[in-house]
Amino acid sequence: MVVLVLAIAVMGLSACGLPRLDSQLQQSLLEQDDVELVRAGAPAYLLLIDSLIAGDPTEARWLIQGARLYSLYAAAFVEEGERARRLTARAFDYGQRALCARCRAGCGLAELSPADFATRLQALDAAEGDALLAFCQSWLAWCQAHKGDLRVLAVLPRLQQTLEYLVTLDTPAAGSEAWQYLGILHSLRPAALGGDPQRARCCFEQALCLGGTGDLTVKVAYARYYARLLYDRELHDRLLHEVLQADPRVAGRTLPNVLAQQQARQLLDSADGYF
């Protein structure tokens, strides 16, 4: 962290230069194929994002980065439950603030009554797409870190509603990530509580279509949440073997793909005991 701050000072970066630095750092992380290097170095980047947010608390681009990166870091690298809950709480705080910074209608969205929630959601448009995706990603990360908490069952329908609205918008944010998250949500709950396995499959297939062959995370989620839900061993193993056989080095996706391959190996190793 000290090194990064000194580097900024020495280079004399202006406020206009900071977004470029942020973009370069993010791209550097995503292009890494050494997971342990990222595991060790990512906290410094998270602290940098925290410092940028502290200096400009309503700047949406920093809040979006904070929401997304804290969510991803907690999901990929944190196994201890209490720490995951702390990190995803920060991610969700940033996600809510990012949406509010982009549009007044997004302020306090997660706390509204169902009727007011639906009305406010409809007031958001494609211009808020990236903030809305960060909001959903951080909310889902928070839910996953609070498994077993009854509050999660209460908020999942709203999270699903938000994602379903997002994918109707004409925005790049309504891409494979949003459809993948919808597939996960439809797989998490029994039909009596709003889950829909067939809808989940459609969502995962749409995510595959939009993400192409370069996004290996979709196939891992498809296997973990849908194939295991239905005890479909054939689909499960086929998807995961395809992940392991793929070249993970894809521009902008290398790190997520390497992580996906690690998860694919773990799922295959545990498959005999599960099925």
Side-chain angles (χ1 to χ4, degrees), residues 32-40 71-85 87-88 137 140-150 152-153 156 159-160 176-177 179-250 253-275:
Q32 269 292 337
D33 60 3
D34 188 324
V35 173
E36 292 309 312
L37 179 62
V38 176
R39 184 195 302 270
S71 298
L72 290 170
Y73 179 77
F77 299 121
V78 180
E79 296 180 0
E80 195 276 310
E82 183 55 37
R83 184 167 181 242
R85 287 188 285 273
L87 292 172
T88 57
Q137 184 180 32
L140 180 57
W142 181 90
C143 289
Q144 290 177 321
H146 288 78
K147 292 183 293 188
D149 188 327
L150 292 178
V152 172
L153 289 176
L156 284 178
L159 176 53
Q160 180 178 315
S176 62
E177 276 187 276
W179 282 102
Q180 180 183 164
Y181 299 151
L182 266 176
I184 292 171
L185 284 177
H186 281 297
S187 303
L188 283 178
R189 294 169 291 159
L193 294 176
D196 186 340
Q198 291 311 308
R199 175 65 174 155
R201 181 164 195 154
C202 291
C203 290
F204 282 125
E205 291 292 339
Q206 180 68 3
L208 286 174
C209 180
L210 293 173
T213 59
D215 185 355
L216 302 182
T217 66
V218 178
K219 289 184 178 181
V220 173
Y222 198 172
R224 170 178 287 168
Y225 294 101
Y226 174 81
R228 287 201 169 204
L229 175 69
L230 297 187
Y231 289 90
D232 189 337
R233 178 74 183 264
E234 182 180 356
L235 175 63
H236 177 272
D237 288 3
R238 176 177 64 79
L239 289 167
L240 297 177
H241 282 300
E242 287 174 0
V243 169
L244 293 178
Q245 291 163 7
D247 184 353
R249 293 167 182 81
V250 177
R253 294 221 53 88
T254 298
L255 177 63
N257 284 345
V258 171
L259 288 167
Q261 289 187 326
Q262 289 186 353
Q263 293 163 9
R265 290 188 189 95
Q266 292 168 358
L267 289 169
L268 283 171
D269 287 345
S270 65
D272 285 342
Y274 185 86
F275 292 99

- Note on the structure: Between Ala74 and Leu87, the two heavy atoms sitting closest are CB-CB, 4.1 Å
- Starting from the C-alpha separation in whole Å, work towards a yes-or-no answer on side-chain contact (heavy atoms from CB on, under 4.5 Å) for Leu182 and Phe204. CA-CA 8 Å; Leu182 266 176; Phe204 282 125; over 6 Å; no
- Item | Set of residues satisfying salt bridge (Lys or Arg N to Asp or Glu O under 4.0 Å) with respect to Arg83, sequence neighbours excluded | none
- Message: A side-chain contact here means heavy atoms from C-beta on lying under 4.5 Å apart; do Leu72 and Gln137 qualify?
- Response: yes
- Task: Might you point out which heavy atoms bring Val220 and Ala260 nearest each other, and give the distance in Å?
- Result: CG2-O, 3.4 Å
- Quick one: CG on Leu244 to CG on Leu267, what's the gap to the nearest 0.5 Å? 10.0 Å
- Query: Does any donor atom in the side chain of Tyr181 or Gln160 lie under 3.5 Å from an acceptor atom in the other side chain?
  - Reply: no
- Task: Report the C-alpha separation of Asp215 and Val250 in whole Å, then their side-chain angles, then the decisive distance to 0.1 Å, and conclude whether the side-chain contact (heavy atoms from CB on, under 4.5 Å) test is met.
- Result: CA-CA 8 Å; Asp215 185 355; Val250 177; over 6 Å; no
- Query: What residues form a side chain to side chain donor-acceptor pair (under 3.5 Å) with Thr254, not counting sequence neighbours?
  - Reply: none
- Query: In terms of ring plane angle, is the pair Trp142 and His146 parallel, tilted or perpendicular, where the classes change at 30° and 60°?
  - Reply: parallel
- Message: Quick one, Val35 with Val38, criterion side-chain contact (heavy atoms from CB on, under 4.5 Å). Give me CA distance, side-chain angles, the key distance, then yes/no.
- Response: CA-CA 5 Å; Val35 173; Val38 176; 5.7 Å; no
- For the residue pair Tyr225 and Leu229, what are the closest heavy atoms and their distance? O-CB, 3.1 Å
- Under 3.5 Å donor-acceptor, Asn257 side chain and Gly214 backbone: yes
- Interatomic distance, CG@Leu230 vs OG@Ser187, rounded to 0.5 Å, equals 8.0 Å
- Just by modelled atom types, is the Val243 backbone N or O under 3.5 Å from a matching donor or acceptor in the Gln261 side chain? yes
- Item | Residue pairs involving residues 228-239 (criterion side-chain hydrogen bond (donor to acceptor under 3.5 Å, both in side chains); sequence neighbours excluded) | Arg228-His236, Arg228-Ser270, Arg233-Asp237, Arg233-Asp272, Arg238-Glu242
- Taking all non-hydrogen atoms of both residues into account, name the closest pair between Leu259 and Ala76 and its distance. CD1-CB, 3.9 Å
- Message: What I'd like to find out is whether the side chain of Val152 reaches to under 4.5 Å of the side chain of Lys147, using heavy atoms alone.
- Response: no
- Indicate yes or no: at least one non-hydrogen side-chain atom of Tyr222 is less than 4.5 angstrom from one of Glu205. yes
- Note on the structure: Taken in chain and number order and not counting sequence neighbours, the residues that satisfy side chain to side chain donor-acceptor pair (under 3.5 Å) with Gln245 are none
- Does Glu80 have any salt bridge (Lys or Arg N to Asp or Glu O under 4.0 Å) partners at least two apart in sequence or in another chain, and if so, which? none
- Query: Are side-chain heavy atoms of Pro248 and Asp33 found at a separation under 4.5 Å?
  - Reply: no
- Mind running side-chain contact (heavy atoms from CB on, under 4.5 Å) on Cys203 and Gln180 for me, showing each step along the way? CA-CA 6 Å; Cys203 290; Gln180 180 183 164; over 6 Å; no
- Note on the structure: Here the pair of heavy atoms bringing Ser176 nearest to Ala207 is CB-O, 3.4 Å
- Task: Starting at CD1 of Ile184, measure out to CH2 of Trp179 and round the result to the nearest 0.5 Å.
- Result: 14.0 Å
- Could you state the interatomic distance from CG (Asp196) to CZ (Arg201), rounded to the nearest 0.5 Å? 13.0 Å
- Item | Partners passing side-chain contact (heavy atoms from CB on, under 4.5 Å) against Ala145 (at least two apart in sequence or in another chain) | Ala84, Arg85, Thr88
- Compare all side-chain heavy atoms of Leu185 with those of Leu159 and state whether any distance is below 4.5 angstrom. yes
- Nearest atoms (heavy-atom pairs only) where Thr217 meets Pro256: CG2-O, 3.8 Å
